[in-house]
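FYI, side chains are in, hydrogens and waters are out, and symmetry mates aren't considered; it's all heavy atoms of this structure.
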Amino acid sequence: MLCRACKTMFQGDLTFADEHSYIPVAHHLTAKDLCAAAEQKCRICTRVWRTFSKNGQVDMLTFQPESSFTGYLFNDNLKALEREPLKTERGYPQVCAFVLEPADDITSLVRHNEIALNTGSDDCWRLAQTWFTGCIAQHQKCNRPVGKSLFHPTRLVELLPTNSSSRFDLRITYQVPPDCPYMTLSHTWGTARFMKLTKSTYQSLQDGFESKDLPKTFRDAVEVARRFGVDYLWIDSLCILQDSADDWIHEAAQMGDVYYNSLCNIAATGASDSGQGCFFDRDRSLIIPCIVKSEWDNTPNHEYHVIECLFWQEQMSSAPLNRRAWVVQERLLSPRVLHYGKDQLLWECHELDACETYPQGLPSIPANAHTLFKGLDPEVDGRRLRKFSNNETDPDLEPYHLWTKVVQAYTSSDLSKPGDKLIAISGIAKRFQSMLNDTYLAGLWLRVLPTQLLWHVDDCRQANGLSARRPASYRAPSWSWASVDGEVSAGEINRDGILITVIKTYVKPLTNDETGQIEDGYIILEGKLFPAGLYRCATVDELRLRINAKELGIGCLVYPDTEPDGIAAISCCLPIREYTYNQKPWVWGLILVADKTGRGFYRRFGVFAAHGQEAYEVLKDSNIVEDTSELYVDCNSHKLFVI
């Protein structure tokens, strides 16, 4: 249903927003009106209210708008309905966008009588079975070639027959036939206390235990596996010794293989704690597609399907489980994932993104990384993302572009243990490495190292909203994004216009896992090193770069890795790549701080991007750092260690 304010949008004259005057039409006058409409289950207002609540607008009900609390407009280019409500803390309006598609174009919408009150119902099970069997039978991209791998996890939970005389229905086993399929579980541990595999419980769990002693999420996962006819299930807390550092290191190194070779991953997507389970009661009205019939006076009328542009992000990417960094590789490497969300079941595999609202596949919501997450797998269908970009990519560089998207998704997630930064993504790194045949360097790749060094932290923020920081304990060299807790934009991969030469790279792993934790690393680069400093530009109140006492002004952007404490004392900058964009010269490079290790040793402070002819000329005409040490190569370049 729609409230009166939303019905008004589809009545009278249909007017599209002018590109020069982006002024919305009044909708709900107050936050209380919007809240009341959401409580009455208006489909559009419910989505808008959820967006506000999720973003922490606790003062909404007392907010006094200048005209109306929410407004709407129609954009002909996007065929979208947008609402522009109150400003966020950064000054930008919150926007909820909806795409209108003729209802006769949507051939696979769920009907009201097909929606059960709980996601653990028989109806939900039948739908999950349909997705699963269809994927097994028809999806070539999702099915591993027979005989390609005989990998099995070290331990599995065996689901024993429930009709036996034994009171035990589960046990931990390491003796599994090589051709027996198994499922995995992705879950959020939370704060609940539950049974774990330890040295003291190992023998008793091998002898057998009862599922009723497990937290609800585990019990529900056991039920799902049994329904699929699968006898083995991998759960991290029951298959890895929780009080053995050696066992954890060994198992963490093969975590990617565990999920990669599973039959299906069961994801407790809507649960923020292991005690909440997979199955939830829900409001059926929020699952049914929103269909409206327009009553415009100046254009032909139709029945329209109102599709929220960020529907998949709301249901999937923003769910409690998928905010965990470890889950990025669990979700990406598993051949197929059955998500138990709070509102509905969702399905992901290499050939289908679906849910109860759209059981035969998502409609044409504007595609982005949220709707095409499985497309990040370089071995299967990485090209799936290319059709949504206007940029033609060098085929040899395509996997590296995918890697940057993986890094962005990974660093936008929460990691409870900072020391896991590299190992929690090592499974994906191994898959890329096997295909690229390239050297992995603490989250970066040797073949495209110059431009990969130009990653930057968005707004000096972590995924949880806190300021970006470098951990107290060593985790990675400063030139690696893994050395920072923050949301990383990995930068553009390109071979043209490179201004440095990579002389040597060195990374020392902490264990035998070359893609896991490291204890030391450095790179030796050759390039032009300019004396530099920072100042705060009064025009825009942002940090800018000064080279040889010449201010680059607003033509030079500065991206510090962490929030500077005042005006940081930096020593130099190293241009890495130059190119032309929109007929303007651009130069990107590293901002460095001299390290006390010795002359010629530097640590990374951040990156700079100089654009425009004036800034470009300052860089071209400046004198390089004077250095009489052996690191001074000639009058045009330096050799420097970055640690």
Taking [X] first and then [Y], would you say they form a salt bridge - that is, a charged N and a carboxylate O separated by under 4.0 Å?
X: K430; Y: D257; answer: no
X: R469; Y: D485; answer: yes
X: E348; Y: R336; answer: no
X: R603; Y: D561; answer: no

Please assess I523 against V502 for the test side-chain contact (heavy atoms from CB on, under 4.5 Å), listing each intermediate value before the final yes or no. CA-CA 8 Å; I523 53 177; V502 179; 5.6 Å; no
Quick check: do [X] and [Y] have side-chain heavy atoms less than 4.5 Å from each other?
X: Y259; Y: S334; answer: yes
X: V406; Y: I425; answer: yes
X: V507; Y: I518; answer: yes
X: L592; Y: L640; answer: yes
X: V558; Y: E542; answer: no
X: Y602; Y: I643; answer: no
X: T562; Y: V457; answer: no
X: D414; Y: R324; answer: no

To check you understand the geometry: which heavy-atom pair defines the closest contact between [X] and [Y], and what is its length?
X: S467; Y: R461; result: OG-NH1, 3.4 Å
X: L415; Y: A325; result: CD1-CB, 3.8 Å
X: A409; Y: V328; result: O-CG2, 4.2 Å
X: S489; Y: D458; result: OG-OD1, 2.8 Å
X: P575; Y: V587; result: CB-CG1, 3.8 Å
X: L321; Y: A267; result: CD2-CB, 3.7 Å

Can you tell me if CD on Q254 sees more than 12 non-hydrogen neighbours from other groups inside 6.0 Å? yes
Pairwise distance [atom1]([X]) to [atom2]([Y]) - rounded to 0.5 angstrom:
X: L436; Y: L402; atom1: CG; atom2: CG; answer: 9.5 Å
X: W326; Y: E330; atom1: CH2; atom2: CD; answer: 8.0 Å
X: Q313; Y: E308; atom1: CD; atom2: CD; answer: 9.0 Å
X: T501; Y: E526; atom1: OG1; atom2: CD; answer: 5.5 Å
X: W586; Y: Y581; atom1: CH2; atom2: OH; answer: 8.5 Å
X: C355; Y: Q315; atom1: SG; atom2: CD; answer: 7.0 Å

Apply the test side-chain contact (heavy atoms from CB on, under 4.5 Å) to residues L333 and S262: give CA-CA distance (whole Å), side-chain angles for both, the deciding distance (0.1 Å), then the verdict. CA-CA 9 Å; L333 296 180; S262 67; over 6 Å; no
Could you tell me whether the side chain of [X] and the main chain of [Y] form a donor-acceptor pair under 3.5 Å?
X: Y410; Y: K421; answer: yes
X: D438; Y: W445; answer: no
X: S483; Y: W479; answer: no
X: S478; Y: R604; answer: yes
X: R544; Y: R536; answer: no
X: S480; Y: A476; answer: no
X: R475; Y: A482; answer: yes
X: E351; Y: C142; answer: no
X: S434; Y: R431; answer: yes
X: R495; Y: T451; answer: no

Parallel, tilted or perpendicular: which one describes the rings of W588 and Y559, with boundaries at 30° and 60°? parallel
Modelled atom types, side-chain donor and acceptor of [X] and [Y], under 3.5 Å:
X: D513; Y: T511; value: no
X: Y400; Y: R447; value: yes
X: E487; Y: S412; value: yes
X: S317; Y: N322; value: no
X: S186; Y: N265; value: yes

When you look at L449 and L441, which way does the side-chain contact (heavy atoms from CB on, under 4.5 Å) test go after all the steps? CA-CA 9 Å; L449 183 60; L441 301 166; 4.2 Å; yes
Hey, mind stepping through V642 and D595 against side-chain contact (heavy atoms from CB on, under 4.5 Å) and telling me if it holds? CA-CA 9 Å; V642 185; D595 187 76; over 6 Å; no
Result of checking L557, I591, L534 against L543 for side-chain contact (heavy atoms from CB on, under 4.5 Å): L534
